There are 2 protein chains.
Amino acid sequence: MTDVQETKESLAESLQQIITLLNRHKLVEGLVHKQDMPKHALVESLVHKQNLAELQKKLDALHPADVAYILEALPLEQRLDVWELVKAERDGEILLEVSDAVRQTLIADMDSEELLAAAEQLDTDELADLAPDLPKDVLQELLDSLDSRNRERLQSALSYPDDAVGALMDFDIVTIREDITLEVALRYLRRIGSLPDHTDKLFVVDRHDILRGVLPLKRLVVKDLESGVADVMAEDTVVFHPEDTADEAAKAFERYDLVTAPVVDENNKLVGRLTVDTVMDYIREEAESDMLSMAGLREEEDMFSSVWKSVQNRWAWLAINLVTAFIASRVIGVFEGSIEKIVALAALMPIVAGIGGNSGNQTTTMIVRGLALGQIAGHNMKSLLKKELGVSLLNGLIWGSVLGLVAFLLYGNMALGLVMTGAMTLNLLLAAVMGVMIPLWMTKFGRDPAVGSSVLITAMTDSGGFFIFLGLATIFLL
Amino acid sequence: MTDVQETKESLAESLQQIITLLNRHKLVEGLVHKQDMPKHALVESLVHKQNLAELQKKLDALHPADVAYILEALPLEQRLDVWELVKAERDGEILLEVSDAVRQTLIADMDSEELLAAAEQLDTDELADLAPDLPKDVLQELLDSLDSRNRERLQSALSYPDDAVGALMDFDIVTIREDITLEVALRYLRRIGSLPDHTDKLFVVDRHDILRGVLPLKRLVVKDLESGVADVMAEDTVVFHPEDTADEAAKAFERYDLVTAPVVDENNKLVGRLTVDTVMDYIREEAESDMLSMAGLREEEDMFSSVWKSVQNRWAWLAINLVTAFIASRVIGVFEGSIEKIVALAALMPIVAGIGGNSGNQTTTMIVRGLALGQIAGHNMKSLLKKELGVSLLNGLIWGSVLGLVAFLLYGNMALGLVMTGAMTLNLLLAAVMGVMIPLWMTKFGRDPAVGSSVLITAMTDSGGFFIFLGLATIFLL
């Protein structure tokens with residue numbers, strides 16, 4: 001039995017051992033290099049061989065998911081050293097487990113032959129995950145090597161967008177007819193001899209593969225052997241279509257606690273199935289990509305990718321941020337005259353802008369979450385906006401007064417304190433309105449509100465905050 | 001068969017219909033009120049009765065998860081109207097499905113008797129989810145009403161922290177002995193007559209409940225009826241302990257694609273099981289709470305909670321932000337003399353600070369993700385820091401030069417442009433160092449790096465950015 005606690009420790013330990021072995025390996029190479037030993041002498045060297053054998057043994061003992069973990073945690077050079085040592089027949093499985101960014105670094109290191117060999121170990125639905133990262137000629141060769149049924153399946157899977165059920169489904173379906181008894185069904189299963197992973201139900205179809213219902217194994221093992229499949233099967237099962245979005249599927253899996261579910265075409269013909277492990281991976285990836293994009297990273301990034309690749313991944317949001325910062329700077333530029341007269345304004349203005357941004361982001365996060373859960377619509381917009389305005393007004397009056405007092409104590413200027421309080425309150429109200437409206441507008445124009453809402457809010461509360469504070473100061477203090 | 005697309009539409013439709021019915025209900029009430037009709041006349045009124053009957057019918061037809069969705073999407077007053085109409089015997093299930101924040105609003109509306117009735121419908125593991133939200137006297141009464149076995153289970157579940165396996169496990173375990181044949185096992189199952197949800201395997205135990213292995217239903221239905229359970233069962237199954245963290249369990253479920261797994265005590269005695277639906281809920285909740293805390297919300301917030309509750313939920317981070325903004329403001333205060341002489345500094349300084357914050361947050365997000373996946377440790381810290389510094393240097397030189405040029409064009413001051421470029425580069429380098437180190441330090445001191453890293457980074461890059469830019473300007477321009 002595998003203890004999960006031990007798994008975790010041994011995984012961290014494995015990583016450490018592998019790094020030690022890699023370093024020893026480098027050390028030997030380095031020594032050889034210094035003594036100008038010819039390359040073949042190095043290859044022959046006993047120490048070197050021992051080292052590699054030990055590393056190889058270590059890697060062979062690990063689950064593919066664990067090898068993937070180790071590859072992710074290593075800088076590029078060491079990663080490729082380890083990758084070379086992984087047994088060729090495990091390449092396919094491991095490529096499926098690593099993240100997209102790391103997969104690209106591994107594939108870049110393989111030649112066409114190795115890639116084809118790796119691909120041949122995989123099922124059609126697994127191939128579909130890998131295919132987009134393969135070089136075009138390898139993909140073509142791969143398609144040619146498949147039989148017509150699997151080629152059709154792969155091409156169909158590739159024709160759906162990444163986040164459609166059609167791209168996530170697999171083809172490991174076990175079907176039975178409805179006009180047999182459970183005893184016959186069990187005899188049939190024993191003839192097959194093994195069932196695909198995650199099989200919790202059999203799909204009941206007619207002779208044209210039209211789905212009639214599902215027979216959970218749970219029922220198969222407790223119901224009377226004489227009963228007919230038709231009497232025992234569940235007919236009110238949740239079904240998906242290839243063009244449904246993965247997001248809807250994930251929600252349905254969570255809502256109805258599914259383990260597997262049939263995927264049917266428009267004629268109710270069974271074409272595949274969706275399993276909970278795929279759905280769980282999807283949920284995890286989505287959550288991560290939301291988090292990354294909220295922070296302005298374009299996509300998942302290999303921690304050890306080259307500096308240049310990282311710069312490309314990040315520059316888009318930095319550029320947008322630069323433009324918004326420049327606009328805010330120009331707003332200040334308009335009031336340079338006022339700042340020249342009361343230089344305290346320069347020191348106080350970032351506070352007004354900063355708190356507005358923080359508060360606006362809190363609001364937006366709430367709204368983005370509500371939108372993702374489908375809980376925000378026309379009917380409750382008004383109550384939401386009213387509540388957020390209330391929160392902002394209260395926060396503005398409380399914190400604005402505190403800051404107004406501080407400003408008064410620092411600069412001994414009562415009017416300046418009052419302007420500070422007023423500007424804080426107004427900017428927080430602006431932040432509330434924008435925090436609610438920006439994600440809604442983005443959704444209306446078909447964009448993902450999780451991506452970029454934060455940058456837009458901050459842009460508004462910065463420029464708005466500077467304008468409100470410096471504007472009020474110019475009116476009341478000069 | 002339920003089409004997932006239809007489900008979604010009909011859910012949105014249901015919500016719309018319920019809102020319409022609620023509004024009509026209010027309208028009738030309003031009319032009655034205006035005409036000063038006595039209250040009992042209203043209750044008798046036919047229209048009113050029809051309305052409620054229709055609403056009730058609508059609600060009864062919905063899955064508990066769907067009723068929960070509708071309760072979440074309604075403002076407090078309407079939510080409680082709907083809650084009153086939900087059949088009492090479904091209260092328990094529905095309370096389990098709603099979010100913590102909404103659950104509190106519903107429980108606050110129920111008296112002890114209703115709460116006890118709702119609790120009695122639930123299994124022990126479900127009770128454990130509900131118990132922390134129940135008033136103390138109700139919880140005590142509930143404990144008294146349980147038999148000793150279930151009371152022990154509930155007390156044990158409550159003794160584990162929310163994010164421990166012990167708090168997430170359930171007790172729906174079906175056990176068999178290893179010395180019987182599959183045929184006998186199947187006969188036994190048919191006698192039981194039904195299996196708990198998500199049963200994908202039976203747990204094989206000895207007479208002292210010590211776990212010997214697991215028998216997947218998948219194997220039970222395909223293997224020879226004459227084989228012994230001991231020969232067919234899997235012995236290398238992943239097991240959990242009640243004190244394992246939910247986070248480790250979630251990773252193991254994803255890594256090894258589990259549907260259910262046994263939970264054992266230190267003597268390998270079977271005490272419960274963990275199911276994929278619980279794990280999936282946990283993953284979803286964790287992802288959400290990370291997102292909320294990154295934005296500075298203390299916890300999940302009911303969208304329609306009172307203004308005062310929201311203010312409390314948000315004020316902690318706003319207060320911290322206020323302090324950091326104040327410090328940044330004091331940094332500027334030190335250089336007021338320089339700003340008085342060159343007022344352009346006031347307009348340009350927020351750009352340097354803003355871009356630094358953005359870049360630092362990108363770095364931190366990468367690191368927080370790496371830490372969460374367990375991929376960052378001593379061995380790769382140096383490569384990570386080197387890479388991030390490289391990215392920052394490149395970004396600083398590119399974008400710093402652009403901004404330097406812009407500053408030169410705007411103010412016709414070459415030296416000012418150069419100071420701008422230098423300050424941008426230095427602040428981005430500061431952002432890289434802090435972006436890597438802050439999450440690592442937080443982890444070292446046992447804090448969740450997802451919570452608050454962003455606020456700390458921004459504090460550093462704001463104060464640091466102002467200091468670097470105004471400092472350089474004071475040295476080179478005055």
Side-chain angles (χ1 to χ4, degrees), chain A residues 1-2 4 8 19 65 72-73 75 189-190 193-195 199-200 217-218 221-222 237-240 244 248 252 254-255 257 259 276-277 280 287 295-297 303 307 310-311 314 321 325 328-329 332-333 336 339-340 343 346-347 350-351 354 358 361-362 365 370 375 379 383 387 390-391 394, chain B residues 1-2 4 8 19 65 72-73 75 189-190 193-195 199-200 217-218 221-222 237-240 244 248 252 254-255 257 259 276-277 280 287 295-297 303 307 310-311 314 321 325 328-329 332-333 336 339-340 343 346-347 350-351 354 358 361-362 365 370 375 379 383 387 390-391 394:
Chain A
M1 247 153 275
T2 317
V4 72
K8 198 193 158 194
I19 289 163
E72 299 257 353
L189 292 181
R190 268 193 285 276
S194 88
L195 293 176
T199 302
D200 71 326
L217 292 188
K218 261 178 49 174
V221 297
V222 298
T237 184
V238 178
V239 302
F240 297 92
D244 289 341
E248 286 163 37
E254 284 180 79
R255 195 182 290 272
D257 292 342
V259 175
V276 69
D277 60 320
M280 201 150 71
L297 294 151
M303 275 195 305
V307 167
S310 289
V311 168
R314 302 184 194 180
N321 190 236
S329 157
I332 301 172
E336 272 174 10
I339 295 175
E340 237 165 0
V343 72
I351 303 184
N358 194 309
N361 272 312
Q362 290 181 334
T365 306
Q375 283 164 354
H379 71 91
S383 348
K387 176 194 142 190
V391 173
L394 204 57
Chain B
M1 247 152 273
T2 316
V4 72
K8 197 193 161 197
I19 289 163
E72 300 257 353
L189 293 181
R190 268 193 286 277
S194 87
L195 293 176
T199 303
D200 70 327
L217 293 187
K218 262 177 50 172
V221 297
V222 299
T237 184
V238 179
V239 303
F240 298 92
D244 290 340
E248 286 162 37
E254 284 181 78
R255 195 182 290 272
D257 291 342
V259 175
V276 68
D277 59 319
M280 202 150 72
L297 293 152
M303 274 194 306
V307 167
S310 290
V311 168
R314 303 185 194 177
N321 191 236
S329 157
I332 301 173
E336 272 175 7
I339 295 175
E340 238 165 0
V343 73
I351 304 184
N358 194 308
N361 272 311
Q362 289 180 335
T365 306
Q375 282 164 355
H379 71 91
S383 348
K387 178 195 142 188
V391 172
L394 204 57

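Numbered from 1 within each chain, the chains take letters A, B, ... in sequence-line order. These figures come from a predicted structure and were not determined experimentally.
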### Query
With respect to chain A, which residue among B/M280, B/E340, B/K387 yields the maximal number of heavy-atom pairs within a distance under 4.5 Å?
B/K387
### Under 4.5 Å from a heavy atom of chain B, the part of A/I351 involved
both
#### Entry: Contact winner vs chain A - B/D277, B/V311, B/D257, heavy-atom pairs under 4.5 Å
B/D257
### Query
Rounded to the nearest 0.5 Å, how far does CG of B/L217 lie from CG of A/L217?
6.0 Å
### Message
Heavy-atom cut-off 4.5 Å, strictly under: side chain, backbone, both or neither for A/V259 against chain B?
### Response
side chain
### Query
Does A/A347 have any side chain to side chain contact (heavy atoms under 4.5 Å, CB included) partners at least two apart in sequence or in another chain, and if so, which?
A/Y411, B/S329, B/R330, B/I332, B/E336
### Best-contacting candidate, B/G333, B/G354, B/P350, against chain A by heavy atom pairs under 4.5 angstrom
B/P350
### Query
With only heavy atoms counted, which part of A/S194 is less than 4.5 Å from chain B, the side chain, the backbone, both or neither?
backbone
### Summary
When every non-hydrogen atom of B/V221 is compared with those of B/K218, the smallest separation belongs to CG2-O, 3.5 Å
### Task
Measure across B/T365 and B/N361 and return the closest heavy-atom pair with its distance rounded to 0.1 Å.
OG1-O, 2.7 Å
### Summary
Rounding to 0.5 Å, atoms OG (B/S310) and CZ (B/R314) come to a distance of 5.0 Å
#### Entry: Side chain, backbone, both or neither of A/D200 within contact of chain B (heavy atoms, under 4.5 Å)
neither
### Task
Name all residues meeting the side chain to side chain contact (heavy atoms under 4.5 Å, CB included) criterion together with B/V222; count only those two or more places apart in sequence or in a different chain, and write none if there are none.
A/L189, A/L195
